[in-house]
Amino acid sequence: MTITFLGHAGLAISVGSHSLVVDPFISGNEKAKGKISLADLSPDYILLTHAHQDHILDVEALASDHESVIISNYEIATYYGNKGFNTHPLNHGGQWKFNFGTLKYTQAIHTSSFPDGSYGGQPGGFILSAEDKHLYIAGDTALTYDMKLIPARYPLDLAVLPIGDNFTMGIDDAVTAAEFLECKKIMGYHYDTFGYIEIDHEEALKKFSAAGKELHLLDIGASLEV
Ligand code: NI
Ligand code: MN
């Protein structure tokens with residue numbers, strides 16, 4: 001699997017010949033300008049952790065151009081299904097075997113309304129199991145004790161965790177999350193996009209390394225192999 005950082009909470013994941021995009025917020029992200037554009041992406045699937053604008057902004061443009069299947073919680077899948085998009089609904093604890101691998105929808109402590117205020121179900125994250133690897137994408141979340149349940153069943157190769165604080169976990173809670181998840185390799189996301197979530201990179205790298213963890217803060221457009 002190759003995971004590419006699209007800025008903010010956006011990821012592109014390639015699994016074999018399959019292409020996934022998670023939480024696309026590119027056209028509205030000043031920091032992504034000149035580094036990545038929608039034209040670089042052709043997702044077969046779009047995974048959405050929740051309905052906030054900074055996670056769904058480019059969903060309709062991408063899904064229209066590529067006939068992508070939108071995978072999210074029941075309410076978000078229904079919202080896009082009613083607009084004529086291809087969807088697959090999941091709900092917490094449920095998993096489904098897709099042609100690229102298996103996805104499980106996990107708990108997140110956050111909120112999930114669409115930009116117009118309509119109900120976006122309960123926010124979540126995903127565990128992607130493919131090619132004998134397990135990847136956890138936490139979504140926007142607080143630190144939660146439920147994270148301890150994950151390594152009992154899924155030996156994680158990489159965990160993608162929000163670290164920007166204010167709206168989600170910050171650095172210290174994300175270090176604890178990495179411990180709960182028993183995962184050494186962590187990719188940080190949901191930081192630096194706006195003023196509220198700017199972080200000190202050096203401090204973050206130091207704190208993870210002191211805990212025996214490996215934190216990756218990727219440039220927009222850069223990739224990690226799992
Ligand atoms: Ni959010
Ligand atoms: Mn967010």
Side-chain angles (χ1 to χ4, degrees), residues 1-15 19-26 29 31-32 36 41 43 45-50 52 54-56 71-72 90 100-110 123-131 133-144 146-151 154-165 167-171 173-193 197 199 201 204-205 207-208 211 213-226:
M1 278 190 265
T2 307
I3 294 106
T4 303
F5 184 47
L6 304 179
H8 196 51
L11 307 169
I13 303 171
S14 56
V15 192
S19 160
L20 283 55
V21 162
V22 184
D23 288 357
F25 175 75
I26 296 155
N29 184 359
K31 308 241 156 155
I36 200 104
L41 304 171
Y45 297 90
I46 300 174
L47 281 55
L48 301 177
T49 61
H50 63 296
H52 287 160
D54 59 316
H55 299 256
I56 64 157
I71 303 171
S72 191
L90 289 168
F100 57 84
T102 299
L103 277 182
K104 183 169 197 161
Y105 193 64
T106 58
Q107 326 263 32
I109 297 184
H110 194 66
F126 295 97
I127 297 168
L128 167 60
S129 302
E131 299 175 337
K133 306 277 183 173
H134 301 284
L135 162 66
Y136 173 52
I137 301 162
D140 284 12
T141 185
L143 174 64
T144 160
D146 286 339
M147 289 170 176
K148 281 195 173 238
L149 294 171
I150 293 175
Y154 303 92
L156 297 177
D157 297 282
L158 176 70
V160 182
L161 303 178
I163 57 169
D165 224 325
F167 297 117
T168 67
M169 291 189 282
I171 295 163
D173 283 353
V175 168
T176 303
E179 286 164 350
F180 283 3
L181 294 162
E182 297 171 26
C183 184
K184 189 175 165 69
K185 194 170 176 180
I186 305 297
M187 175 179 162
Y189 76 167
H190 213 277
Y191 65 93
D192 283 1
T193 319
I197 61 174
I199 64 160
H201 291 213
L205 293 165
K207 285 182 166 171
F208 275 82
K213 307 291 182 187
E214 192 183 292
L215 176 67
H216 297 264
L217 299 176
L218 298 185
D219 287 333
I220 296 176
S223 301
L224 264 182
E225 286 296 324
V226 171

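Worth saying up front: this structure is predicted, and the values here are computed from it rather than measured.
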Going by side chain to side chain contact (heavy atoms under 4.5 Å, CB included), name the residues that satisfy it together with Ile109, two or more places apart in sequence or in a different chain.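 Expected list: Thr141, Ala142, Thr144.
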
Show me the pairs that pass side chain to side chain donor-acceptor pair (under 3.5 Å) and involve residues 180-189, at least two apart or across chains.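 Checked against side chain to side chain donor-acceptor pair (under 3.5 Å) - neighbours excluded - no pair reaches residues 180-189.
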
Would you please name every residue forming a ring pair (Phe, Tyr, Trp, His ring centres under 6.0 Å) with [X], sequence neighbours left out?
{"X": "Tyr136", "result": "none"}
{"X": "Phe208", "result": "none"}
{"X": "His52", "result": "His50, His110"}

Do the side chain of [X] and the main chain of [Y] share a donor and acceptor less than 3.5 angstrom apart?
{"X": "Asp157", "Y": "His134", "answer": "yes"}
{"X": "Glu131", "Y": "Met1", "answer": "yes"}
{"X": "Thr168", "Y": "Asp140", "answer": "no"}

Would Ile13 and Val22 satisfy side chain to side chain contact (heavy atoms under 4.5 Å, CB included), going step by step from the backbone distance to the final call? CA-CA 8 Å; Ile13 303 171; Val22 184; 4.0 Å; yes

Contacts of [X] that satisfy side chain to side chain donor-acceptor pair (under 3.5 Å) - sequence neighbours left out:
{"X": "Tyr191", "value": "none"}
{"X": "Ser223", "value": "Thr4"}
{"X": "His8", "value": "Asp54, His190, Thr193"}
{"X": "Asp192", "value": "His201"}

Under the salt bridge (charged side-chain N to carboxylate O under 4.0 Å, His left out) test, which residues partner Lys213, sequence neighbours left out?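 Lys213 satisfies salt bridge (charged side-chain N to carboxylate O under 4.0 Å, His left out) with no residue once adjacent residues are dropped.
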
